[in-house]
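Report on the following structure.
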Number of protein chains: 2
Amino acid sequence: MSRPSQTSCCQPAKEQADLGPVEGDEADEELATLSKALGHPARVKIVRLLLRRNACVCGDIVDELPLAQSTVSQHLKGLKDANLIRGDVDGPRVCYCIEPRALRRLRALVGAL
Amino acid sequence: MSRPSQTSCCQPAKEQADLGPVEGDEADEELATLSKALGHPARVKIVRLLLRRNACVCGDIVDELPLAQSTVSQHLKGLKDANLIRGDVDGPRVCYCIEPRALRRLRALVGAL
DNA sequence: GTCGCCTATCGTATATTTGCGATGAGTCGG
DNA sequence: CCGACTCATCGCAAATATACGATAGGCGAC
């Protein structure tokens, strides 16, 4: 047994209601960035995984995907660069979780299409 | 003045209500494909343009974007391969329009996240 | 038919993405 | 301090994406 996290990760949930405009050049760039981050099946699966265990997992992701650890780490970096997920260091491991704001933003941008 | 199209393009609008499941491996692939298609600012702009003039435009897209004609054509091909848009030949020009089903599908998939 | 217009495709060059193994950087337990 | 463990990064190879000019093909006007 381990129960390593769930204590100091992904708890803030500060409801920040600001979402920018849904069209214009900046919105286009934003939608493109978020879309590109989701533009690979492995990254979609990671996002889904993080949502299912809405507590954040870490290297369990590697076990769930048929990819090498370094490849998964790279996909995680891609998602993090797009601000879709966050990674908090928790002892020796890293605890990833969804950034709900980005997900809301994506829904708003896609919904505005 | 021209008013070339608006006559034989994008009129069916057959409301087909079937949308597949929103999770599972196939849904992951589908979301990844649609997202990748939107993963470039130029393609986002094209989609927005086609939605604004919801009648379909053709080479006007080239005039609206700071890209060469061949590059725009390539982006259009990308969107068409993802089934996000459709291109109907209308005399010497090609009339592009949004595929509403794909857009609904994208919204459903993103909404299910 | 020939000409001009519009679009797709080809060929090319460059940049980015994707994947892996190997290596480094960090933490915890002894 | 020393291993064991977790994760990020580096280096590399192959594949894909992006952009352009040049070219080919279809259609309408003449």
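Order of the sequence lines fixes the chain letters, A, B, ..., with proteins taken first and strands second; residue numbering starts at 1 for each chain.
A:Ala68 is linked by a side-chain contact (heavy atoms from CB on, under 4.5 Å) to A:Ser70, A:Thr71, counting only residues two or more places apart in sequence or in another chain. B:Glu23 meets the side-chain contact (heavy atoms from CB on, under 4.5 Å) test with A:Arg48; sequence neighbours excluded. In this view, A:Asp25 and B:Lys45 satisfy the side-chain hydrogen bond (donor to acceptor under 3.5 Å, both in side chains) rule, not counting sequence neighbours. Checked against side-chain contact (heavy atoms from CB on, under 4.5 Å), A:Pro41 has the following partners two or more places apart in sequence or in another chain: B:Glu29, B:Ala32. With sequence neighbours excluded, the residues forming a salt bridge (charged side-chain N to carboxylate O under 4.0 Å, His left out) with A:Glu64 are A:Arg53, listed by chain and number. Here A:Val110 pairs with A:Leu31, A:Leu106, B:Leu106, B:Arg107, B:Val110 under the side-chain contact (heavy atoms from CB on, under 4.5 Å) rule; sequence neighbours left out.
Applying the side-chain hydrogen bond (donor to acceptor under 3.5 Å, both in side chains) definition to pairs two or more places apart or across chains, those involving residues 75-84 of chain B are B:Arg43-B:His75, B:Lys77-B:Asp81.
Taking 4.5 Å as the limit, every side-chain heavy atom of A:Leu84 sits out of range of all side-chain heavy atoms of A:Glu99. Side-chain contact between B:Arg52 and B:Leu49 is present, with heavy atoms from C-beta onward closer than 4.5 Å. Using a 4.5 Å cut-off on side-chain heavy atoms (C-beta onward), B:Leu51 and B:Val47 make contact.
Between A:Arg93 atom CZ and A:Asp60 atom CG the span is 8.5 Å, to the nearest 0.5 Å. For the atom pair CG (A:Leu67) and CD1 (A:Ile61), the distance works out to 11.5 Å, reported to the nearest 0.5 Å.
Between the OH atom of A:Tyr96 and the P atom of D:dC7 there is a distance of 8 Å, given to the nearest Å. When the P atom of D:dC7 is taken as reference, atom CD1 of A:Ile46 falls 13 Å away, rounded to whole Å. When rounded to the nearest whole Å, the span between CD of B:Gln69 and P of D:dA24 equals 15 Å.
Each of B:Val94 and A:Leu67 was assigned the nucleotide of DNA chain C with the nearest heavy atom; the assignment lying further toward the 5' end belongs to B:Val94.
Taking 4.0 Å as the cutoff to heavy atoms of chain A, we find the contact window on DNA chain C bounded by C:dT17 to C:dC28.
DNA chain D lies under 4.0 Å from at least one heavy atom of each of the following residues of residues 72-84 of chain B: B:Gln74, B:His75.
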Write out a two-atom table: protein N or O, nucleotide N or O from nucleotides 1-5 of chain D, distance below 3.5 Å.
none

Under-3.5 Å N/O pairs linking protein and nucleotides 13-16 of chain D:
none

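Nearest heavy-atom pair, A:Ala27 versus A:Val22, reported as atom, atom and distance to 0.1 Å: CB-C, 3.6 Å.
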